Number of protein chains: 2
Amino acid sequence: MPPDRRIQQPSLVRLAAEAIRDMVLSGDLRPGDRLVEERVTSELGISRPPLREALRVLEQEGLLVSLPRRGVIVTTLSPRDVYEIFTLRTTYEKMAIELGVPVRDPQLLGRVRLALGQMEDAAKSQDGAHFVRSSFEFHLSIVGLAGHRRLEDAYRGLSLQLRLYMAANTRARAEHNESLEANIERHRRLLAAVEKGDPEAVLAELANHGARTFLEEVTNQAQGPEAQQQGDDRRATLSDIRDHISR
Amino acid sequence: MPPDRRIQQPSLVRLAAEAIRDMVLSGDLRPGDRLVEERVTSELGISRPPLREALRVLEQEGLLVSLPRRGVIVTTLSPRDVYEIFTLRTTYEKMAIELGVPVRDPQLLGRVRLALGQMEDAAKSQDGAHFVRSSFEFHLSIVGLAGHRRLEDAYRGLSLQLRLYMAANTRARAEHNESLEANIERHRRLLAAVEKGDPEAVLAELANHGARTFLEEVTNQAQGPEAQQQGDDRRATLSDIRDHISR
DNA sequence: GCCTCCGGGATTGTAGACAATCTTCAATTG
DNA sequence: CAATTGAAGATTGTCTACAATCCCGGAGGC
């Protein structure tokens with residue numbers, strides 16, 4: 001069976017979802033910001049039906065929250081949320097390493113190396129946004145070694161939420177950007193461990209990997225039973241809307 | 001903060017999604033079946049925009065696959081897919097046990113006991129569908145012990161796909177239904193291990209848990225590198241549409 | 001006889017408009 | 001003066017209709 005090369009013009013739903021996703025991840029839209037449908041349609045030059053479908057997609061991805069009869073807002077992440085994202089992400093990576101290392105299909109490694117190369121390029125040209133994207137692609141390609149589509153999809157979705165958090169959080173961004181060279185070096189060691197085919201070594205590298213230290217610190221406060229909020233902490237409150245007027 | 005008692009009339013999107021989800025899980029719609037929008041709208045008595053939004057939601061849940069310009073069909077699960085669902089599910093359960101056992105909030109146990117009670121009721125009245133639902137709710141409530149919303153959501157989504165598979169697969173259903181009493185007994189032991197607060201014991205119970213044996217058998221053929229299909233095995237082929245006329 | 005190339009019908013993709021609901025804010029009342 | 005109520009504006013939820021695209025069958029040519 002040849003690879004599926006069918007071309008297909010992307011629907012407005014897909015394009016709109018992509019555009020809004022970029023707005024959110026770039027920090028153009030901040031958590032809590034409300035998205036008024038008519039405003040967005042005029043901005044994107046489309047009508048409301050495809051926009052609403054796109055909003056549903058992004059809601060399922062966890063980037064937006066919809067309040068019935070009240071519109072959608074950009075997801076607000078509590079410390080507890082960050083804790084959840086962090087722990088789940090670690091579990092995914094662990095599973096991926098166990099399934100995917102040592103690597104069976106050498107072609108999969110090409111994707112990892114490519115991402116690392118893009119990280120190096122971005123570091124050279126001091127392109128912070130590109131560096132972050134490449135870094136996520138690197139980790140995603142590591143998870144891809146497992147050849148487990150659902151695992152990769154789930155990991156990708158979680159990464160989106162993590163990027164949402166980083167986009168809104170100056171400190172998280174700074175941490176990720178600081179000492180690009182050291183950051184890249186860690187990724188090199190990770191790749192080396194993967195190439196050596198030693199799962200334990202890879203897991204060890206991941207354990208003390210970059211953003212980890214920072215994230216652990218941030219999320220420590222959210223651990224434990226007492227940190228669990230009473231209400232639905234994913235449903236943004238009304239004040240979240242009031243406080244943020246859509247651009 | 002008092003519990004959120006806001007009433008809100010469900011939108012047609014939510015209702016439609018629920019209705020179609022039920023059709024899929026009940027086996028009323030079978031994998032590969034095509035969903036023609038206008039036909040479904042007239043059946044549900046709604047118009048196309050809300051229906052399309054509902055379809056997007058179900059697509060994100062993995063129950064439907066959308067082929068651009070060609071409509072939507074019920075997801076067809078390959079052995080590889082079942083393998084993925086099975087492995088991910090195991091990982092989720094393991095993570096949940098590690099985080100949630102011993103149980104901190106006794107109230108969480110009530111949910112588990114309730115589900116077990118419903119399983120017993122269903123067994124008594126020989127209500128197979130109810131038994132399956134209760135069984136899934138039991139496992140979901142076990143995962144809920146972790147107090148990890150994203151984990152529970154992910155697990156719920158995966159369970160939907162597993163139920164899709166079981167709805168279409170006579171053998172899987174039979175396995176699940178056979179010896180209801182023994183099945184319930186396994187769940188009782190699981191609950192007992194949870195109540196004892198011993199994570200290892202719970203994991204051991206899960207390891208040789210019911211459907212496991214069957215699923216492992218089914219999915220063994222899908223493991224290993226050679227089982228990975230070349231193309232996109234989640235994208236149904238054109239013939240899938242031709243072969244199935246919408247009810 | 002098989003392949004290619006059209007139309008016709010069916011279906012999806014999108015637009016614009018109406019109805020229902022919510023929020024806001026000012027007027028009223030205690 | 002604080003609390004409540006009601007009306008106007010804004011926004012979401014839904015519907016009908018039109019445009020674009022695809023599938024399928026038949027006619028024509030090699």
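These figures come from a predicted structure and were not determined experimentally. Below, read A as the first sequence line, B as the second, and so on, with proteins coming before strands; counting in each chain starts at 1.
Look at A:Arg52 and you'll find a side-chain N or O under 4.0 angstrom from OP1 or OP2 of D:dG13.
Remark: A:Glu84 does not engage B:Arg149 in a salt bridge, criterion side-chain N to carboxylate O under 4.0 Å. A salt bridge is defined here as a Lys NZ or Arg NE, NH1 or NH2 lying under 4.0 Å from an Asp or Glu carboxylate O, and B:Arg56 with B:Glu53 fails to meet this definition. B:Glu61 has no carboxylate O lying under 4.0 Å from a charged side-chain N of B:Arg163, or vice versa, which leaves the two without a salt bridge.
Judged by distance alone, the side chains of A:Gln161 and B:Arg150 do bring a donor and an acceptor atom under 3.5 Å apart. Inspection of the A:His148 and B:Thr87 side chains reveals an N or O donor paired with an N or O acceptor under 3.5 Å.
Here the P atom of nucleotide D:dT12 and the CZ atom of A:Arg56 are 12 Å apart, to the nearest Å. Atom-to-atom, CG of A:Leu44 to P of C:dA15 comes out at 11 Å; the value is rounded to the nearest Å. When rounded to the nearest whole Å, the span between CZ of A:Arg48 and P of D:dT16 equals 16 Å. Nucleotide D:dT12 holds its C1' atom 15 Å from the CD1 atom of A:Ile73, rounded to whole Å. In this entry the distance linking CG of A:Leu12 with P of D:dA20 reads 13 Å, nearest Å. With rounding to whole Å, B:Leu51 atom CG is found 16 Å from D:dG13 atom P. Straight-line distance from the CG atom of A:Leu67 to the P atom of C:dT23: 10 Å, rounded to whole Å.
Of the two residues contacting DNA chain C, namely A:Gly45 and A:Pro68, the nearest-nucleotide position lying further toward the 5' end is that of A:Gly45. If A:Val72 and B:Pro50 are placed on DNA chain D by their nearest nucleotide, the residue sitting closer to the 5' end is A:Val72.
Below the 3.5 angstrom threshold, one finds no donor paired with an acceptor across the side chain of B:Arg14 and the base of D:dG13.
Within the 4.0 angstrom heavy-atom criterion, base atoms lie near A:Pro49.
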Table of protein N/O atoms under 3.5 Å from nucleotides 6-11 of chain C N/O atoms:
| from | atom 1 | to | atom 2 | distance (Å) |
| --- | --- | --- | --- | --- |
| C:dT11 | O3' | B:Arg34 | NH2 | 3.4 |

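In terms of heavy-atom proximity, B:Pro31 sits nearest to B:Leu164 at CG-CD1, 4.1 Å.
A 4.5 Å side-chain heavy-atom check between A:Ile142 and A:Glu93 finds every atom pair outside the cut-off.
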